[in-house]
Amino acid sequence: MTVGLSLTNSLEAVVITDSRVSGLGRQSDSVNKMGVFSKSSLFHGVIFGTGSGNLIEGVTRSSQEVNAPTLDDYAAQTQRIFTERYTALKTQAIATLRHEIELKMGLLPEAERGKPMEIEIHRAMDAYEEQLRNSATYFSLCAFDNKQGHIRQFFINNGRENEYFGDHQEIGAGSDGANMYFFTKLQGVNPKKLTTFDLFFHGVNAYSLATVNQGVGGTPKIAFLNKKEALILDPVKVRALTNLSGAYLADFIKPSRRKIEGTIRDIVFAKRPDYDSLAKDLRLSLHSLKTTAIPYSAWQERANASVYR
């Protein structure tokens, strides 16, 4: 249960993923769901995924070694890598389940195993199918294609890869929150008119709303993509952006658009952002601002506490 999103104006893009995965009743905020790839004279971009942390990390690492002459070929080869890994893990899981059932049936005389084994197999199949539904894994590519001269996006699952022509794409359990933000706030907006600031502002805000969904959280990763490069932002910058967004959406602070634009540009592009001023505005210590990505819900609670005392 995760979220990944991208927002583009055709020449630039912002990509954001969370870092949370869950399984066996536990969760971790330490999974990398994003990878940067580059074939310098051909294309460069970002791959990001949602679902099984093991599959996501395996595919994103392998995809960086793909040697393809075009972006379309790169997407196709990445899809094949995913299918191979997905099929291998699924085959292994099924073999393990069958072995466990056979061991369990050893408690019964061989002549009495038929019906109980059939029941156990059906139970195992139902449980396995539910597990697959709850941890469905798929990927998105967001890349600048030098030959075509603009950003292109692809959706990849274990059966196919399709080019996606929208200006924003959301995947994972938190996708409905992010999607609702984009469709609410960008009504009637020509995506090609979105500035670099707009991409970061709306992208991070959409991510913040997605964190309300169960299973979405941790310190996100943010990548910025243009015709020159694809780069992943420093975690300190990411936490500052996340905290600014949460406070803004919760009306904990009410800066002018001009001020918030200046703050975001400073965080993203300045070599030495003015974190002291931002920490003061957010009523946080400088250490907390730099080391903790506070979720939107906590900012909303802080804002509400000052209103509903």
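Keep in mind that the numbers below use all heavy atoms, side chains included, and drop hydrogens, waters and symmetry copies.
Between Tyr138 and Phe155, the ring centre distance stays below 6.0 Å. Between Phe37 and Tyr74, the gap from one ring centroid to the other is short of 6.0 Å. The six-membered or imidazole ring of Phe48 lies away from that of Phe139, with a centre-to-centre distance of 6.0 Å or more.
Residues Phe144 and Leu71 form no side-chain contact, since every pair of their non-hydrogen atoms from C-beta on lies 4.5 Å or further apart. At least one side-chain heavy atom of Thr242 sits less than 4.5 Å from a side-chain heavy atom of Pro220. Under the 4.5 Å side-chain criterion, counting only non-hydrogen atoms from C-beta, Leu5 is not in contact with Ile171. Side chains of Val268 and Phe197 form no contact here, defined as non-hydrogen atoms less than 4.5 Å apart. Within the 4.5 Å cutoff, no side-chain heavy atoms of Asp145 are placed close to those of His150. At a threshold of 4.5 Å between non-hydrogen side-chain atoms, the residues Phe82 and Ile156 count as touching. No side-chain heavy atom of Lys193 sits less than 4.5 Å from a side-chain heavy atom of Asn9. Two residues are said to be in side-chain contact when any heavy atoms from C-beta on lie closer than 4.5 Å; Val46 and Leu141 fail this criterion.
A donor-acceptor contact shorter than 3.5 Å is absent between the side chain of Glu170 and the backbone of Ser6. Side chain of His44 to main chain of Asn226: a donor-acceptor pair is present (N/O by atom type, distance under 3.5 Å, no hydrogens or angles). Between the side chain of Thr291 and the main chain of His287, a donor-acceptor pair closer than 3.5 Å is present. Remark: the backbone N or O of Gln153 is not paired with any side-chain donor or acceptor of Glu163 at under 3.5 angstrom. No donor-acceptor distance shorter than 3.5 angstrom exists from the side chain of Glu12 to the backbone of Thr8, with no hydrogens or angles considered. The closest donor-acceptor contact from the side chain of Lys39 to the backbone of Val66 lies under 3.5 Å. Between the side chain of Asn243 and the backbone N or O of Thr292 there is at least one donor-acceptor pair closer than 3.5 Å. Of the possible polar contacts, none joining the Arg239 side chain to the Ala293 backbone as a donor-acceptor pair under 3.5 Å is found. Asn158 contributes no side-chain N or O that, together with a main-chain N or O of Thr83, makes up a donor-acceptor pair within less than 3.5 Å. Between the side chain of Thr137 and the main chain of Ser52, a donor-acceptor pair closer than 3.5 Å is present.
Heavy-atom minimum distance, Arg85 versus Ser62: NH2-OG, 2.8 Å. Of all heavy-atom pairs between Leu7 and Gly203, the closest is CD2-N, 4.0 Å. Residues Val3 and Thr50 come closest through the heavy atom pair N-OG1, 4.5 Å. Nearest heavy-atom pair across Ile47 and Ser63 is CG2-OG, 3.6 Å. Closest approach of Ala206 and Phe182 over heavy atoms only: CB-CZ, 3.5 Å. Gln77 approaches Asn67 most closely through the heavy-atom pair NE2-O, 3.5 Å.
No salt bridge links Lys192 with Asp167; every basic N to acidic carboxylate O contact stays at or beyond 4.0 Å. Ion pair Lys104/Glu100 not flagged as a salt bridge, since none of the NZ, NE, NH1 or NH2 atoms sits closer than 4.0 Å to an Asp/Glu carboxylate oxygen. Note on Lys254 versus Asp281: no salt bridge recorded, every NZ/NE/NH1/NH2 to OD/OE distance being 4.0 Å or above. Between Glu261 and Arg258 there is no salt bridge, since no side-chain nitrogen of the basic residue lies less than 4.0 Å from a carboxylate oxygen of the acidic one.
In the hydrophobic cluster analysis, where Ile, Leu, Val, Met, Phe, Trp and Tyr join through side-chain heavy atoms closer than 4.5 angstrom, Ile260 is grouped together with Trp299. Linking ILVMFWY side-chain heavy atoms closer than 4.5 Å, directly or via other members, places Ile294 and Leu282 in a single hydrophobic cluster. Connection of Leu209 to Met180 is not established within any shared hydrophobic cluster, with ILVMFWY side chains joined at heavy-atom distances below 4.5 Å, either directly or through further cluster members. In the hydrophobic clustering of ILVMFWY residues, with side-chain heavy atoms under 4.5 Å counting as a link, Val59 and Phe43 come out together. Clustering ILVMFWY residues whenever any of their side-chain heavy atoms sit less than 4.5 angstrom apart, transitively, puts Val14 in a cluster other than the one holding Leu225.
Note that NZ of Lys290 and CG of Asp234 are 10.0 Å apart. Values are rounded to the nearest 0.5 Å. The distance from the CG atom of Asp251 to the CZ atom of Arg302 is 14.0 Å, given to the nearest 0.5 Å. Taking CG of Leu233 as the start and CD1 of Ile222 as the end, the distance is 6.0 Å to the nearest 0.5 Å. Atom CZ of residue Arg113 and atom CD of residue Glu102 lie 9.5 Å apart, to the nearest 0.5 angstrom.
Shown here is Phe183, whose CZ atom has no more than 12 heavy atoms of other residues, nucleotides or ligands within 6.0 Å. The number of heavy atoms from other shown groups lying within 6.0 Å of CD (Glu301) does not exceed 12. Heavy-atom neighbours of Tyr248 OH from other residues, nucleotides or ligands within 6.0 Å: at or below the threshold of 12.
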Chi angles and distances behind the salt bridge (Lys or Arg N to Asp or Glu O under 4.0 Å) call for Arg80, Glu84: CA-CA 6 Å; Arg80 286 195 288 273; Glu84 289 170 2; over 6 Å; no
Worked check of side-chain contact (heavy atoms from CB on, under 4.5 Å) between Lys227 and Ile151: CA-CA 8 Å; Lys227 64 180 180 180; Ile151 300 283; over 6 Å; no
CA sep, side-chain torsions, deciding dist, call: Asn205, Ser208, side chain to side chain donor-acceptor pair (under 3.5 Å): CA-CA 5 Å; Asn205 285 347; Ser208 291; 5.1 Å; no
Thr263 vs Asp274, side-chain contact (heavy atoms from CB on, under 4.5 Å): CA-CA, chis, key distance, verdict: CA-CA 8 Å; Thr263 301; Asp274 185 6; over 6 Å; no
Test log, rule side-chain contact (heavy atoms from CB on, under 4.5 Å), inputs Glu110 and Met105: CA-CA 8 Å; Glu110 187 171 352; Met105 289 302 104; over 6 Å; no
Test salt bridge (Lys or Arg N to Asp or Glu O under 4.0 Å) applied to Asp198 and Arg257, step by step: CA-CA 11 Å; Asp198 292 325; Arg257 183 177 178 86; 2.7 Å; yes
Worked check of side-chain contact (heavy atoms from CB on, under 4.5 Å) between Asp18 and Lys33: CA-CA 8 Å; Asp18 74 332; Lys33 304 175 185 178; 2.6 Å; yes
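Remark: Arg265 is not positioned above the aromatic ring of Phe200, lacking an NZ or CZ atom under 6.0 angstrom from the ring centre and at most 45 degrees off the axis.
A donor-acceptor pair shorter than 3.5 Å can be found between the side chains of Thr70 and Asp73.
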